Amino acid sequence: MAARRCIALVCALLGCLLSPWLLASETADIEAQIKAAYLYKFSAYVEWPATTFAQADSPIIIGVIGADAVASALGNLQQTQPATSRALKVRLLKADEPVSAVQMLFIGSKESAALKRVQDSAQAGHVLTVTDQANALASGSIINFVNIDDHIRFEVSVAQAERSGLKISSRLLNVAQKIQVRRP
Amino acid sequence: MPIIRLRSVRQKLLLMVLVTNFLSLLTAGGALLYHDLMESRAKTAASLSALADVLAQGSATALEFDDPRVANENLAQLRANRDIVSGAVYTAKGRLFAKYMRDQVPDNEIPARPGADGFRFAGTELSVFRQVTSGQEVVGTVYLKERYELYAWLRDYLLILGVVLLVSLGLGTLISSRLQRWVSDPIRAVSSVARQVMEQRDYHLRATRSTEDEIGQLADAFNGMLQTLEYEITERSNAEQAVRTLNAGLEQRVAERTADLSQANARLSQSHGELQRLSAHLQRVREDERRHIARNIHDDLGASLTALQLDLTWMQKRLGGASELQRKLESMLETAAGAMEAVRHILHDLRPDVLDHLGLWAALEGLLQDFRLRSGIRCRYACHEDAEHVRLDTAAEMAIYRIVQEALTNVLRHAAASEVTLLAEVSGGRLQLSLQDNGRGMPLGRQPGSFGLLGMQERARILGGELIIDSIPGQGTCISLYLAVTQVAAGASA
């Protein structure tokens with residue numbers, strides 16, 4: 001009994017000492033989960049060209065670059081009910097790997113430079129690019145996460161999506177923070 | 001029974017049509033009202049549900065991407081619909097996500113947590129909960145509340161229904177008051193003829209048949225009855241006439257017969273009076289005759305017998321002792337005395353001079369004593385003192401004396417009585433004289449050949465009195481003479 005009480009005391013002390021670091025990592029964890037959920041839901045509001053999928057039940061493959069936490073959160077979401085009729089698959093990509101095999105690509109803020117590199121191949125391969133970097137839409141991203149008042153929001157570039165041959169549902173645009181349309 | 005008393009078929013028909021009309025309209029109106037109410041509710045609920053669906057669809061992405069601003073904007077669009085009181089969006093976990101309220105609606109109008117899917121009516125409000133789904137996932141709930149003005153709707157509906165009811169009743173009255181003349185006019189025609197017949201007693205009237213239906217048959221039947229009645233009444237008046245004629249003849253005959261009878265009666269009473277006068281005359285003549293005979297006997301036979309007795313007595317004194325002659329004379333004297341006694345009896349019977357000397361009452365008492373001696377029947381004289389003061393004229397006293405004498409003779413002959421009582425009293429100006437015996441009684445009614453009774457009655461009638469015979473078989477007879485006496489007071493004072 002005395003030993004157990006001792007262990008509990010040590011644990012409590014350890015918790016008190018580690019709590020600021022733990023809190024920060026927890027916030028980052030929740031953010032990753034929300035972003036993963038948003039990514040997951042985006043698939044329901046985006047229409048790919050018919051040639052993108054080999055079969056009617058081919059899965060949607062989400063490529064993740066530079067965001068391991070989001071990738072693992074997506075992996076957890078795979079167990080739940082899919083948002084569309086298609087299954088979702090997650091593939092962790094290296095920064096220099098080709099992106100033509102995926103339908104959705106999330107580039108984490110650490111690897112935002114990768115966008116420039118994959119821009120052309122993604123546009124050709126009808127890949128929905130999602131970034132997490134301020135002013136990323138100008139760089140050619142289709143959807144970009146922004147943080148407003150501690151809430152995760154996103155902005156959409158309809159012009160960029162059209163260039164990639166993708167159709168974004170007006171319902172998604174409805175909740176988007178900012179929409180870039182193609183200039184006439 | 002109807003509370004309103006309706007006098008004519010017209011009014012009854014009209015009322016019938018109106019009541020039927022009213023009730024069927026009311027039933028139809030009620031059914032319509034129910035149907036429309038249900039339909040209105042269903043419609044309201046359906047439209048609100050549709051609105052909720054639209055809202056749910058619009059709010060799905062807002063919920064998915066946790067954007068209350070968008071949800072609020074969506075809800076704000078409800079302002080276009082004036083009936084929507086409030087609306088809200090809840091998250092899948094039941095947290096209030098966004099809300100909308102029309103002006104002047106307090107905050108607590110919005111439920112803190114979502115309810116089950118579906119709609120419910122509460123008073124004048126309809127509320128609906130609708131789940132928001134994205135794919136197959138439930139992402140939240142939409143809530144809407146609408147003002148449902150049932151009372152206003154009902155009031156308008158009832159107003160229209162009332163107006164329709166009134167108008168259709170009015171139309172019904174107008175039309176049926178025209179149409180029901182088909183029925184009521186022929187009936188009224190028949191009934192007015194019936195009334196005329198009753199009032200004027202004119203059975204020659206006939207109802208006109210204007211239709212071929214039951215009323216026409218009624219008119220025919222009525223006419224047939226009138227015809228029968230007319231015939232019967234004619235027959236009856238004829239019969240009455242005949243009876244009256246017959247009656248008049250009978251009455252005339254009765255009058256004639258009555259006249260005959262009264263004539264005969266007059267003749268009869270005349271002859272009766274004559275008979276009575278004759279009878280009285282005969283009585284008088286008889287009494288006179290008796291008096292005459294008695295005087296002759298008294299004067300001639302009596303005087304002769306007295307002379308003979310005187311002569312015989314003289315001879316007896318002169319004759320001396322010659323015993324044979326003496327005995328002969330004795331015998332002759334006895335015979336003469338016997339003859340003298342017989343003469344006195346005859347004289348008494350013919351003319352009881354005790355009447356002349358002592359009056360009626362002493363004579364009657366003497367008569368009873370004589371009767372007792374002769375018959376051995378016990379006699380009682382019980383005449384009241386008032387009666388003994390009565391004095392009558394000689395003929396009347398003689399008649400009474402003879403009546404009592406005859407009655408006593410009858411008692412001796414027929415009654416086998418052991419006691420007779422003579423009663424007399426005066427009451428109310430009438431003398432009652434009765435002879436009562438205790439014999440075997442006598443059969444009432446007229447006895448054929450009983451001239452004794454007849455004679456008594458005849459004497460009583462001549463006196464102006466009345467003779468009544470009472471008899472109970474086995475208990476004796478009472479013969480009573482009633483006589484009005486005006487001179488009682490005079491006799492009493494004399």
Side-chain angles (χ1 to χ4, degrees), chain A residues 27 30-47 57 59-60 73-74 76-88 106 128 130 132 142-156 158 167-179, chain B residues 48-81 84 87-100 110 114 116-117 128-144:
Chain A
T27 314
I30 289 169
E31 201 179 315
Q33 274 175 21
I34 290 170
K35 281 175 182 164
Y38 279 20
L39 283 172
Y40 193 78
K41 283 172 185 167
F42 286 153
S43 65
Y45 296 101
V46 176
E47 205 177 301
D57 56 350
I60 297 171
L74 271 173
N76 288 339
L77 277 174
Q78 265 184 312
Q79 316 304 320
T80 64
Q81 190 80 23
T84 61
S85 56
R86 297 177 191 279
L88 285 176
F106 177 63
L128 178 72
V130 182
D132 192 6
I142 297 173
I143 299 177
N144 183 40
F145 283 120
V146 289
N147 197 325
I148 296 168
D149 302 338
D150 282 345
H151 275 91
I152 293 161
R153 294 274 175 263
F154 55 89
E155 44 192 15
V156 181
V158 178
K167 275 188 188 163
I168 311 270
S169 165
S170 64
R171 296 173 67 198
L172 187 67
L173 299 179
N174 213 17
V175 291
Q177 201 62 32
K178 197 166 91 184
I179 304 161
Chain B
L48 195 66
S49 291
L51 194 59
D53 275 342
V54 170
L55 198 63
Q57 261 187 346
S59 305
T61 47
L63 279 165
E64 272 181 318
F65 297 103
D66 191 24
D67 199 341
R69 184 184 53 83
V70 174
N72 274 319
E73 279 170 14
N74 278 350
L75 283 173
Q77 287 168 6
L78 292 172
R79 199 168 292 279
N81 190 335
I84 304 294
V89 178
Y90 302 87
T91 62
K93 286 178 178 161
R95 188 170 52 81
L96 187 61
F97 186 67
K99 64 181 179 183
Y100 158 77
I110 293 170
D117 242 25
V128 65
F129 284 103
R130 176 70 55 179
Q131 283 189 330
V132 182
T133 54
S134 171
Q136 277 136 354
E137 192 187 0
V138 176
V139 294
T141 311
V142 162
Y143 166 76
L144 278 181

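Sequence lines set the chain letters: A, B, ... in the order given, protein chains first and strands last, and positions in each chain run from 1. This structure is a prediction, so every number in the text was calculated from the model and none was measured.
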Item to check | By side-chain contact (heavy atoms from CB on, under 4.5 Å) - contacts of B/V138 (at least two apart) | outcome: B/Q131, B/T133

Item to check | All salt bridge (charged side-chain N to carboxylate O under 4.0 Å, His left out) counterparts of B/D67, not counting sequence neighbours | outcome: A/R153, B/R69

Item to check | Reported CZ-to-CZ distance for the pair A/R171 and B/F65, which is rounded to 0.5 angstrom | outcome: 10.0 Å

Checklist entry - Minimum heavy-atom separation for B/N74 to A/N174, with atom names? => result OD1-ND2, 4.4 Å

Next on the checklist: Would you compute the distance between atom OH of A/Y40 and atom CD of B/E64 and round it to the nearest 0.5 angstrom?
Outcome noted: 11.5 Å

